[in-house]
Amino acid sequence: MRNIIISSLVLFLVLTGCNTRQPQYRIGVSQCLDDAWRQKMNAEMERELLLHPEMTISRRIAYGSNELQCAQIDSFIKERVDLLIVSPNEAEDVKPAVTRAYRAGIPVIVADRRVSGDEWTAFIGGDNYRVGQLMADWLLSIQAVERQAIHVLEVAGLPGSTPATLRHQGMMETLARNGGVQPQVESVMGSWYKEEAYQVVSEYLRMHKDIKVIVAHNDLMAIGAAEAVRDSKGYGKGSVRIMGVDGIKLGLQAIADGTIECTATYSSRGDMIIETAAHILAHEPYIHDTILETMMVDETAARPMLMQYDARIHDLETLHIVQLQSESRWQQIQNGRLVIIISVVFVCILFIIVLSFLIYSQRKIKKEIKRDILPQLEEVQEAIQLSHRDVAFAERMKQIVDDHLTDPNLNVEYLGSALSLSRTQVFRRVKTVTGKGPLDYIRERRLLRAEELLRTTDMTIQQVALELCFSSPGYFSKCYKEYFGHLPSAR
Ligand code: FRU
C-alpha cells in the first residue's frame with residue numbers, strides 16, 4: 001500500500017516537473033520615466049526576451065521621482081532578483097540604491113544614464129557629450145551664414161540627469177572652442193516633457209522676440225517648443241529653426257512634416273541590454289562599457305528612417321503575434337498535459353481506493369471467520385473427538401458388563417472401579433453413550449444373554465434367572481416381558 005502511494009506521488013512529480021520552459025532568471029527593470037523613448041527601449045527588450053525564455057522581467061517605473069526609484073530598487077533587492085537593469089532618474093540621488101543592489105551581490109546593468117564610480121556590472125548608453133557636440137555643430141552651421149550672433153534658446157532636460165548635464169556641457173564646450181562669432185545661448189528647463197517645454201518656451205518667447213533657433217534635449221520637447229512658436233505672438237509656424245534629440249518616431253515624423261528641422265539620434269538598444277544580461281547570467285564574457293553611436297538626422301534622412309521604423313514596428317508586431325501564437329500553442333500543450341496529469345492522478349486515487357476497499361473487506365472477512373466460523377468448527381471437531389471417545393468407552397463398558405453378567409457384584413460401584421470413574425461420572429457417561437442409567441444397561445445386557453441362553457441351551461427359566469443374578473424367576477419373567485414384550489415361557 002505504501003509503495004503504491006509513493007509510486008503515484010513520484011509519477012505525479014515527474015509529470016508536473018517536466019516544464020523545461022520555466023524561466024530561471026527574474027530580472028528587475030527600474031525605469032525613471034515612461035515616455036516614448038523609454039517605451040521604445042522596453043519594446044526592444046521584450047522582443048529580445050523572445051529569444052531568451054530562460055529570463056522573465058518585472059518592470060517598475062519611477063515617474064521622475066528619485067525617492068520612488070530608490071524604493072523600487074530596494075524592493076527588487078528584497079525580492080532577490082537575479083539581475084537589475086537601472087536607468088536612473090537623477091544619477092547622484094539614485095546612485096545609493098544602485099550601490100546597495102551591487103553590494104547585495106545582484107549584477108547591475110546601468111542603462112542610458114550613467115552613474116559615477118564603478119559599483120555596477122555593465123553600462124550601455126549613448127554618448128551625451130557627443131550629442132551636445134552635434135547640437136553645437138548645427139548651431140555653428142547656422143551661425144556661419146549669419147553676420148550677427150544668433151540668439152539660441154536651449155530647452156534642457158531635468159538638471160540632475162546625466163544626459164541634460166552632458167548635452168549642455170558638450171554643446172557649450174564645443175561652441176566655446178569655435179573661434180568665430182559665438183551664438184548667444186540661453187537655457188530654460190523643460191524637464192524632458194513636451195507640455196513643460198511648451199509652457200517655458202511660450203513664456204520665453206513672450207519676452208524675447210529675436211529667437212532664431214531652439215535646441216531641445218529631446219524630440220518631445222522640440223515638438224512642444226514648435227507648438228509654442230506656432231502659438232506665440234510675433235512668431236508663427238516654422239518661424240524658428242528647431243533641433244531635437246532622440247530620433248524617436250514622433251521626432252522623425254515632425255521632421256518629415258517640417259515641424260522641426262533635425263534631431264540627433266540617441267539609441268536605446270533594449271535588445272543589447274537583454275543580450276548583455278543573458279551573458280552575465282550565463283557567466284559568459286560581456287562588454288563592460290558600451291557607448292552607443294549618435295548621428296544627425298535631417299529631412300533627407302528622416303523619411304527613409306521613418307519607413308525603416310514602420311518596417312521594424314511591423315516586424316515587432318509580427319513577432320508579437322508569433323509570440324502570442326506560440327504562447328497559446330504552449331498553453332494548449334500545457335492544458336493537454338494538465339488533463340493527462342489530472343487523469344493519471346484520478347486513476348491512481350481510484351486504484352488506491354479500490355485496493356484499500358479490497359484490503360479492508362479481506363480483513364473484515366478474516367475477522368468474521370475468526371469470530372464466528374472458527375469456534376463452530378472447533379466445536380464440531382471437539383464433538384467428533386468426543387464421539388470417538390464415547391464409542392471407545394461404550395465398547396469397553398460393554399466388554400466389562402458382558403464379562404460379568406453372572407457376577408452378582410456387577411453394579412455401579414463395580415463399573416466405577418473397573419473404568420476408574422466416580423459414581424456420578426459412571427451415571428453421566430453411561431447415560432451419554434447409551435441413553436439409559438447403568439443399572440438399566442446392565443439389566444438389558446443380562447436379558448439379551450438370557451434370551452440367547454434360552455434359545456441355544458437346554459437351561460430352564462429358573463436356571464437362567466439364577467445364572468444371570470435375577471433375584472427370583474418371577475422378577476426375571478417380569479423384566480423379560482417388559483423388554484421383549486412376551487414371557488420367557490412363551491417363546
Ligand atoms: C526620456 C529621455 C529621452 C532622452 C533620454 C536620456 O526619459 O529624456 O528623451 O534622450 O531620456 O536619458
Side-chain angles (χ1 to χ4, degrees), residues 1 353-491:
M1 179 73 153
I353 290 173
V354 171
L355 206 84
S356 341
F357 177 73
L358 284 177
I359 291 172
Y360 169 75
S361 18
Q362 199 189 15
R363 285 204 182 136
K364 206 174 146 201
I365 291 171
K366 263 189 191 167
K367 249 191 218 159
E368 276 173 9
I369 289 178
K370 224 177 182 175
R371 199 190 55 214
D372 303 335
I373 302 181
L374 274 184
Q376 284 180 23
L377 264 175
E378 275 164 17
E379 264 174 37
V380 171
Q381 250 175 1
E382 216 173 281
I384 291 169
Q385 270 177 13
L386 257 181
S387 71
H388 276 307
R389 267 180 25 221
D390 287 346
V391 169
F393 173 79
E395 270 172 13
R396 246 187 94 209
M397 185 184 65
K398 189 176 160 223
Q399 198 58 55
I400 296 166
V401 170
D402 285 357
D403 288 351
H404 296 85
L405 288 177
T406 54
D407 185 346
N409 293 323
L410 177 62
N411 55 21
V412 178
E413 285 72 28
Y414 184 88
L415 268 182
S417 66
L419 293 165
S420 312
L421 293 173
S422 71
R423 217 178 126 74
T424 333
Q425 282 172 327
V426 172
F427 269 100
R428 202 163 30 86
R429 298 226 48 198
V430 174
K431 182 86 180 163
T432 309
V433 296
T434 63
K436 30 181 90 83
L439 290 177
D440 287 344
Y441 179 70
I442 295 169
R443 187 167 51 244
E444 181 187 73
R445 295 308 301 166
R446 280 184 167 142
L447 287 171
L448 287 169
R449 174 67 59 83
E451 193 276 334
E452 191 193 333
L453 289 176
L454 289 173
R455 191 169 26 88
T456 55
T457 64
D458 294 335
M459 287 174 78
T460 64
I461 292 173
Q462 286 88 336
Q463 283 170 329
V464 169
L466 212 59
E467 171 77 3
L468 293 171
C469 310
F470 283 93
S471 53
S472 69
Y475 178 64
F476 167 67
S477 295
K478 182 181 166 261
C479 293
Y480 192 97
K481 186 170 180 209
E482 260 172 32
Y483 191 79
F484 290 108
H486 53 85
L487 287 168
S489 51
R491 290 174 48 261

Could you report the tightest heavy-atom contact between [X] and [Y], atom names first, then the distance?
X	Y	result
Tyr475	Ser471	CD2-OG, 3.6 Å
Asp407	Arg446	O-NH2, 3.0 Å
Ala465	Ser472	CB-O, 4.4 Å
Phe484	Leu448	CZ-CD2, 4.1 Å
Ala418	Arg396	O-NH2, 3.4 Å
Val401	Leu410	O-CD2, 3.8 Å

Are [X] and [Y] packed together at the side-chain level, in the sense that at least one heavy-atom pair is separated by less than 4.5 angstrom?
X	Y	answer
Ser489	Ile461	yes
Thr460	Leu454	no
Thr432	Phe427	no
Glu413	Val426	no
Tyr483	Arg443	no
Phe476	Val464	yes
Leu419	Gln425	no
Tyr441	Met397	yes

- Message: Nearest 0.5 angstrom please: Glu444 CD to Leu439 CG, how far?
- Response: 13.0 Å

- Query: Quick one: CD1 on Ile369 to NZ on Lys366, what's the gap to the nearest 0.5 Å?
  - Reply: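 Going from CD1 on Ile369 over to NZ on Lys366, the span is 9.0 Å.
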
- Task: Evaluate the ring planes of Tyr414 and His404, with Trp represented by its six-membered ring, and classify them as parallel (under 30°), tilted (30 to 60°) or perpendicular (over 60°).
- Result: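 Geometry flag for His404 against Tyr414: tilted rings.
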
- Task: Verify the neighbour count for atom CG of Asp372: are there more than 12 heavy atoms of other residues, nucleotides or ligands below 6.0 Å?
- Result: yes

- Message: Please determine whether a side-chain nitrogen of the Lys or Arg among Asp402 and Arg449 lies less than 4.0 Å from a carboxylate oxygen of the Asp or Glu.
- Response: no

